[in-house]
Chemist: 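Below: one structure in structure tokens.
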There are 2 protein chains.
Amino acid sequence: MTKGSLYGVGIGPGDPELLTIKAHRIITTVPVIAYPTMENGKVLARAIVADFIRPEQIEVPMPLPFSVERSSQPYYDIAAAKIAEHLQVGRDVAVLCEGDPMLYGSFMYIFRRLADRFHTEVIPGISSTLASAAMLGAPLTFRNDVLSIMPATLDADTLHDRLAVADAAIIIKLGRHFAKIKSILQDLNLWERALYIERATLPNQVIKPISEVDPDNVTYWAIVMIPSQTNPQ
Amino acid sequence: MTKGSLYGVGIGPGDPELLTIKAHRIITTVPVIAYPTMENGKVLARAIVADFIRPEQIEVPMPLPFSVERSSQPYYDIAAAKIAEHLQVGRDVAVLCEGDPMLYGSFMYIFRRLADRFHTEVIPGISSTLASAAMLGAPLTFRNDVLSIMPATLDADTLHDRLAVADAAIIIKLGRHFAKIKSILQDLNLWERALYIERATLPNQVIKPISEVDPDNVTYWAIVMIPSQTNPQ
């Protein structure tokens, strides 16, 4: 029996219109759709493409732990096994992945478990990091600029060193780390250039001056952006 | 008279199926489509969306100099003036931009000239930098990794310093700078991890082992990728 194909499908940052034509084609034609779900009930990936899923398609939820204290790897073992069952009997499976599958994406863990056994194709998606620049109307990098993307979860010294040499930067996974980031940016004279956005492209997107952000009330889905100062004439 | 709206439309790395649904909708409904053209005749942006353009749409080519020795800014002055004429009389204009408009994109120069005078919306697109990771089947960044995107055109010392601290890196604009990059990567023990791709997602895409690349024969549109070594258990 011919095995099915595995598709890692980037579905973009949240606006369903930011799916690619290719992602849309694959999602609407495969017999099986898999997607991460959180133990706390959050199922954003499925919500983004909800209007495209048909009743006859098989859905495979992939539960992941809500707490970052617990390793998610045993959960990916179980999800990969469930997906493999469908591939083994010839059913193509699309695994939904918010943003881009290869950039901090959940699909990479499925990829590592199955890509050597099944034909696998990765469909790039719009990352929320870059979509934020579009939403903010902020040109990000010119010409010879270096862009660094970094999680706010890093320790303060590392963040300081990386930000000190970046021409442009995107800081992700803000949450309770906002006060630390603020202090570093002020130290480096980057605070005045910094832009703030929450949940880029989603209906509940928030853009506000970074000086008005309450450090005690910042979502994990917030991004701080330092656009390049290069201004070619 | 109501002025037209300006759309900066990211059209992705080359595969027409990697346009977003939103980019496709805007391109197929606006009365005016503008796109960069090179003096040497290269018009990749238009070629990507050629099948979507209808005869009744007005096309506005934006000539840009082929040589990097000449400033492109006077060319953008002329292009912006031509686009403004259409906006002024109420016609919406879509400006095509390969990849993502805000990441080393040509649209940023139009944005800076017109966004304060006309309603402007930026549609994010798939950047060739990230599409390369999908095409290479190379998970790029995990968890707390820092990703740096840098042009090979930088001087060797800067490249060395930035690559020494990046968990994952994407080096763009290779061309005649390949030998310099090779030497730096060997110095930093990154050469064995490096991956090579030309023209990601285009019909003439090339993937080959980086050890087989002829340094004297590397296109500007080549990318070298250093995926993260992080391997969460």
Side-chain angles (χ1 to χ4, degrees), chain A residues 8 10 12-13 15-22 24-25 71-73 100-105 107-109 111-112 115 120-127 130-131 133-151 153-154 158 161-162 165-166 201 227 231-233, chain B residues 8 10 12-13 15-22 24-25 71-73 100-105 107-109 111-112 115 120-127 130-131 133-151 153-154 158 161-162 165-166 201 227 231-233:
Chain A
D15 177 354
E17 256 205 310
L18 292 180
L19 255 75
T20 62
I21 297 169
K22 186 166 188 175
H24 181 266
R25 170 173 62 78
S71 169
S72 51
Q73 298 310 308
D100 183 89
M102 292 314 206
L103 194 70
Y104 309 100
F107 176 69
M108 305 192 299
Y109 303 104
F111 180 88
R112 287 188 163 184
T120 301
E121 192 177 343
V122 183
I123 320 302
I126 305 276
S127 165
L130 294 182
M135 296 303 110
L136 287 161
L140 193 56
T141 48
F142 296 87
R143 297 175 175 234
N144 283 347
D145 287 333
V146 178
L147 169 67
S148 284
I149 301 173
M150 65 194 77
T153 46
L154 287 167
T158 304
D161 292 351
R162 301 292 177 277
V165 296
T201 85
N231 195 351
Q233 298 304 324
Chain B
D15 177 353
E17 256 205 309
L18 292 180
L19 255 74
T20 62
I21 297 169
K22 186 166 187 174
H24 180 268
R25 170 173 63 79
S71 170
S72 52
Q73 297 311 308
D100 183 89
M102 292 314 206
L103 193 70
Y104 309 100
F107 176 70
M108 305 192 300
Y109 302 105
F111 180 88
R112 286 187 163 183
T120 301
E121 191 175 343
V122 183
I123 320 302
I126 305 276
S127 165
L130 293 182
M135 296 303 110
L136 287 161
L140 194 56
T141 49
F142 297 85
R143 299 175 175 231
N144 282 348
D145 287 333
V146 178
L147 169 67
S148 284
I149 301 173
M150 64 194 77
T153 46
L154 287 166
T158 304
D161 291 352
R162 300 293 178 277
V165 296
T201 85
N231 195 349
Q233 298 305 324

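Quick note on labels: first sequence line is chain A, next is B, and so on, each numbered from 1.
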Chemist: Quick one: what part of B:Ala133 sits under 4.5 Å from any heavy atom of chain A, side chain, backbone, both or neither?
Modeler: both
Chemist: Which heavy-atom pair separates A:Arg143 from B:Ser72 by the least distance, and what is that distance?
Modeler: NH2-OG, 4.1 Å
Chemist: Holding to side-chain hydrogen bond (donor to acceptor under 3.5 Å, both in side chains), I want the full list of residues that pass it with B:Ser148, two or more places apart in sequence or in another chain.
Modeler: A:Ser148
Chemist: Only pairs of heavy atoms separated by less than 4.5 Å count here; which of A:Val122, A:Leu140, A:Leu154, A:Leu147 has the most with chain B?
Modeler: A:Leu147
Chemist: Pick from A:Thr201, A:Leu103, A:Thr141: which one has the most heavy-atom pairs with chain B under 4.5 Å?
Modeler: A:Thr141
Chemist: With a 4.5 angstrom heavy-atom cut-off, which part of B:Asp15 approaches chain A: side chain, backbone, both or neither?
Modeler: side chain
Chemist: Report the C-alpha distance between B:Ile149 and A:Val146 in whole Å, list the side-chain angles of each, state the deciding distance to 0.1 Å, and finish with yes or no for side-chain contact (heavy atoms from CB on, under 4.5 Å).
Modeler: CA-CA 6 Å; B:Ile149 301 173; A:Val146 178; over 6 Å; no
Chemist: Can you name the closest pair of heavy atoms from B:Leu130 and A:Ser127 and give their distance?
Modeler: CD1-CB, 4.2 Å
Chemist: Quick one: list whatever passes side-chain hydrogen bond (donor to acceptor under 3.5 Å, both in side chains) with A:Thr20, sequence neighbours left out.
Modeler: none
Chemist: Take B:Val165 and A:Asp161 through the test side-chain contact (heavy atoms from CB on, under 4.5 Å) and record every step on the way to the result.
Modeler: CA-CA 9 Å; B:Val165 296; A:Asp161 292 351; over 6 Å; no
Chemist: What part of B:Ala166 lies closer than 4.5 angstrom to a heavy atom of chain A: side chain, backbone, both or neither?
Modeler: neither
Chemist: Measure B:Tyr104 against the heavy atoms of chain A and call it side chain, backbone, both or neither at under 4.5 Å.
Modeler: both
Chemist: Identify the heavy atoms of B:Met108 and A:Pro139 that sit nearest to each other, and give their distance.
Modeler: SD-CB, 3.3 Å
Chemist: Is it the side chain or the backbone of B:Thr158 that comes within 4.5 Å of chain A heavy atoms, both, or neither?
Modeler: neither
Chemist: Identify which part of B:Pro13 has an atom lying under 4.5 Å from any heavy atom of chain A, answering side chain, backbone, both or neither.
Modeler: neither
Chemist: Begin with the C-alpha distance, continue with both residues' side-chain angles, and end with the deciding distance and a verdict on side-chain contact (heavy atoms from CB on, under 4.5 Å) for B:Leu18 and A:Ile123.
Modeler: CA-CA 8 Å; B:Leu18 292 180; A:Ile123 320 302; 4.2 Å; yes
Chemist: Checking B:Asp100 against chain A: side chain, backbone, both or neither under 4.5 Å from a heavy atom?
Modeler: side chain
Chemist: Roughly how far, to the nearest 0.5 Å, is CG of B:Asp145 from CE of A:Met150?
Modeler: 12.0 Å
Chemist: So, taking the atom named CE in B:Met102 and the one named CE in A:Met135, what distance separates them when rounded to the nearest 0.5 Å?
Modeler: 9.0 Å
